[in-house]
Amino acid sequence: MQKGEEIQDVDDAKKTAAKTAAIAPGGLVTDSEEINIEKEKDEIDPDLRSSSGISSIDANETPEERALDLEALSTAPSATPPYSVFSKRKKQLIVFLVAWGGFFSPLSASIYFPALNTLATDFHTSNTLIGLTVTSYMIFQGLAPTIFGDFADMAGRRPAYIIGFIIYIGACTGLALQNSYAALFILRCLQSSGSSGTIALGNGVVADIATSAERGIWMGYATSGPMIAPAIAPVIGGVLAQFLGWRAIFWFLVIAAAIYLIPFLVFFPETGRNVVGNGIIPPQGWNMSLLNYLEVRKAAKTDNTLTRATSRDENRAAQAELAKKRKLRFPNPLGTLHVILEKDVGLLLFYNSLVYTAFYDVIASSPYLMQETYGFNDLQIGLTFIPFGIGGLCAPITCGRLMDWNYRRVAKKAGITIDRKRGDNLKDFPLERARIQVAVPLLIFGDAALLCYGWVMHLDTSLAAPMVLQFIIGLSLTGAFNCMSVMLVDFYPLSPSTATAANNLVRCLMGAGGTAIINIMIESMGRGWCFTFIAAVVAVASPILWVLVKWGPGWREARRKRLEEKKT
């Protein structure tokens with residue numbers, strides 16, 4: 001190639017990059033094409049710069065991090081598009097709304113724990129029947145995501161969120177107004193159905209915008225809301241029940257959900273990869289956020305008619321191509337059963353559900369134990385959940401960073417170069433080892449704390465002892481649960497909401513059974529032996545993790561080949 005031709009190619013690359021940078025995440029061409037190309041080159045989104053070949057160095061990384069992580073990308077032009085065109089700031093906004101939305105399902109499950117005794121008195125029924133409203137909530141918490149998860153993977157995230165919150169607000173309004181146990185029971189099931197899909201949807205959104213190399217920290221942020229809610233909810237419920245009555249709990253949920261929908265409808269973009277790809281393709285008109293809609297209106301007023309027409313044609317072609325691959329149908333909840341029946345996924349879900357049940361048994365039995373042992377009222381019982389909340393808040397973010405660090409460490413040891421911009425080929429990557437190595441120490445500490453908690457409550461010690469142990473349990477078991485949930489999403493990056501729905505189904509059904517009998521177990525076995533038994537079950541099942549490390553990669557590769565054969 002002659003020197004003049006090389007200069008011409010460089011100029012063409014700069015112009016192409018400038019045009020690419022002018023395309024917003026919604027796929028809209030703006031007036032920025034008229035800006036000087038040299039100035040525009042410095043303002044291009046880092047993800048888009050790396051795809052155009054101008055610069056692929058992350059400005060937020062230090063040289064040491066790039067050398068350690070094996071992630072210093074080449075400056076040579078690459079035709080591979082970025083995994084997601086959303087900027088870091090846009091991702092932060094998306095994940096914040098995901099975490100906020102995921103807060104409602106566990107919040108609603110636990111917020112009226114402190115009012116259970118009051119509800120039994122007002123409805124003239126037994127504590128056992130009132131406890132069934134907790135069990136039924138958890139059952140539908142497992143069933144509903146199987147529909148919402150499949151619907152979200154098929155039609156997009158935003159429609160699933162909006163439908164779920166409409167159902168949720170209606171159920172909460174009914175709960176605040178009803179006057180019978182039957183209505184309480186039915187509306188709690190409906191309330192669970194509306195809110196429980198948000199956790200599966202949240203994990204799906206993270207999989208849409210984050211590669212495996214950075215998924216740990218983003219998943220940590222996204223799950224911070226769902227993880228701390230079981231501990232914070234009783235505090236809120238205790239205050240409301242003590243001073244305003246139990247109906248105020250449900251009015252609070254109505255107001256909170258309505259407030260959440262405002263920023264969601266305004267800012268939250270569609271992220272489903274079968275709808276918008278990596279974010280460069282605009283969604284259907286009815287599936288746009290208000291911000292996205294305003295961008296469309298602004299682009300429609302541009303003076304560059306030719307560019308606007310070209311952009312519209314390209315967007316329509318891209319939308320049509322995705323629509324061909326996307327078949328809208330009635331959501332199939334049985335799709336999650338195919339996930340559960342996979343060898344590695346089935347074992348992971350079974351063990352994960354045991355950890356979740358152990359964690360939730362502590363929470364569900366705490367109101368009963370605190371009243372029996374210390375004679376606490378509704379407000380005081382709610383305040384005792386604060387250590388859980390602090391532990392649950394620290395766990396996802398801390399463990400998320402640990403997962404990303406260990407992912408890089410394992411990649412370096414295996415001689416694999418990872419790419420946080422475009423994603424990694426996990427075919428030969430020891431994914432199971434990278435995730436489980438972080439989970440095992442947490443499980444050891446959490447299981448030991450669970451064992452000690454039972455005997456501390458048996459001996460009626462000072463309140464400080466169970467509070468410290470609850471913090472350790474919240475930190476350790478929540479962190480371990482989060483590690484395994486991230487690994488599950490890694491198994492199914494193209495249908496993460498369906499995979500998470502399978503996780504919810506197994507853990508919630510097992511958790512419902514555990515919470516339904518935990519008080520009976522405590523009364524018949526004693527506090528110490530009851531939690532000793534629970535800790536022993538988790539410990540005896542722990543070799544499942546070794547099985548996943550040893551045979552999991554082979555099972556995962558066999559599944560990949562089988563799915564590829566179905567496509568051909």
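We're numbering straight along the sequence, starting at 1. Owing to the predicted nature of the structure, the values given are computational and were not obtained by experimental measurement.
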Quick one: does [X]'s side chain have a donor or acceptor within less than 3.5 Å of a partner on [Y]'s backbone?
X	Y	value
Lys343	Trp555	no
Ser476	Ile473	no
Gln178	Leu175	yes
Thr384	Ile381	yes
Ser192	Gln141	yes

Relative to each other, are the rings of Phe388 and Phe359 parallel, tilted or perpendicular (30° and 60° limits)?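 Correct class here is perpendicular.
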Can the ring centroids of [X] and [Y] be said to lie less than 6.0 angstrom from one another?
X	Y	result
Tyr293	Trp286	no
Phe123	Tyr181	no
Tyr161	Tyr168	no
Phe165	Phe264	no

So, Ser110 and Tyr360: side-chain donor and acceptor under 3.5 Å apart, yes or no?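 Indeed, the side chains of Ser110 and Tyr360 share at least one donor-acceptor pair under 3.5 Å.
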Lys/Arg N to Asp/Glu carboxylate O, Arg556 vs Glu432, below 4.0 Å: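 Salt bridge present between Arg556 and Glu432.
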Minimal non-hydrogen separation, [X] against [Y], with atom names:
X	Y	value
Lys91	Ser84	CE-OG, 4.1 Å
Trp246	Ala115	CB-CB, 4.2 Å
Pro269	Phe86	CG-CE2, 4.0 Å
Thr357	Gly514	CG2-CA, 4.0 Å
Leu244	Ala248	CB-CB, 3.5 Å
Ala222	Val206	CB-CG2, 3.5 Å

Let me see the working for Asn292 and Phe268 under side chain to side chain contact (heavy atoms under 4.5 Å, CB included), right down to the final yes or no. CA-CA 9 Å; Asn292 203 180; Phe268 192 86; over 6 Å; no
Derivation and outcome, side chain to side chain contact (heavy atoms under 4.5 Å, CB included), residues Tyr137 and Thr133: CA-CA 6 Å; Tyr137 185 98; Thr133 63; over 6 Å; no
If you round to the nearest 0.5 Å, how far is [atom2] of [Y] from [atom1] of [X]?
X	Y	atom1	atom2	value
Ile544	Leu347	CD1	CG	5.5 Å
Asn287	Arg157	CG	CZ	11.0 Å
Leu240	Arg247	CG	CZ	14.5 Å
Phe104	Thr198	CZ	OG1	9.0 Å
Leu348	Arg435	CG	CZ	12.0 Å

Contact between Pro466 and Thr461 at the side-chain level, heavy atoms closer than 4.5 Å - yes or no?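 When only atoms from C-beta onward are counted, Thr461 and Pro466 do touch, with a gap below 4.5 Å.
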Heavy atoms, side chains only, cut-off 4.5 Å: are Ser542 and Tyr351 in contact?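 Contact flag for Ser542/Tyr351 side chains = yes.
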I need the full list of side chain to side chain donor-acceptor pair (under 3.5 Å) pairs touching residues 462-474, with sequence neighbours left out, sorted by first then second residue.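 Found Tyr453-Gln470.
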Under 6.0 Å from the six-membered ring centre of Phe350 and within 45° of its axis: does the NZ or CZ of Arg507 meet both?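 No.
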Show me the donor-acceptor pairs, under 3.5 Å and distance only, between side chains in residues 525-536 and residues at least two apart or in other chains.
from	atom 1	to	atom 2	distance (Å)
Arg527	NH1	Thr373	OG1	2.7
Arg527	NH1	Met457	O	2.9
Arg527	NH1	Asp460	OD1	3.1
Arg527	NH2	Thr373	OG1	3.3
Thr532	OG1	Trp455	NE1	2.9
Thr532	OG1	Gly528	O	2.7

Under the salt bridge (charged side-chain N to carboxylate O under 4.0 Å, His left out) test, which residues partner Glu270, sequence neighbours left out?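 Residues passing salt bridge (charged side-chain N to carboxylate O under 4.0 Å, His left out) with Glu270: none at all.
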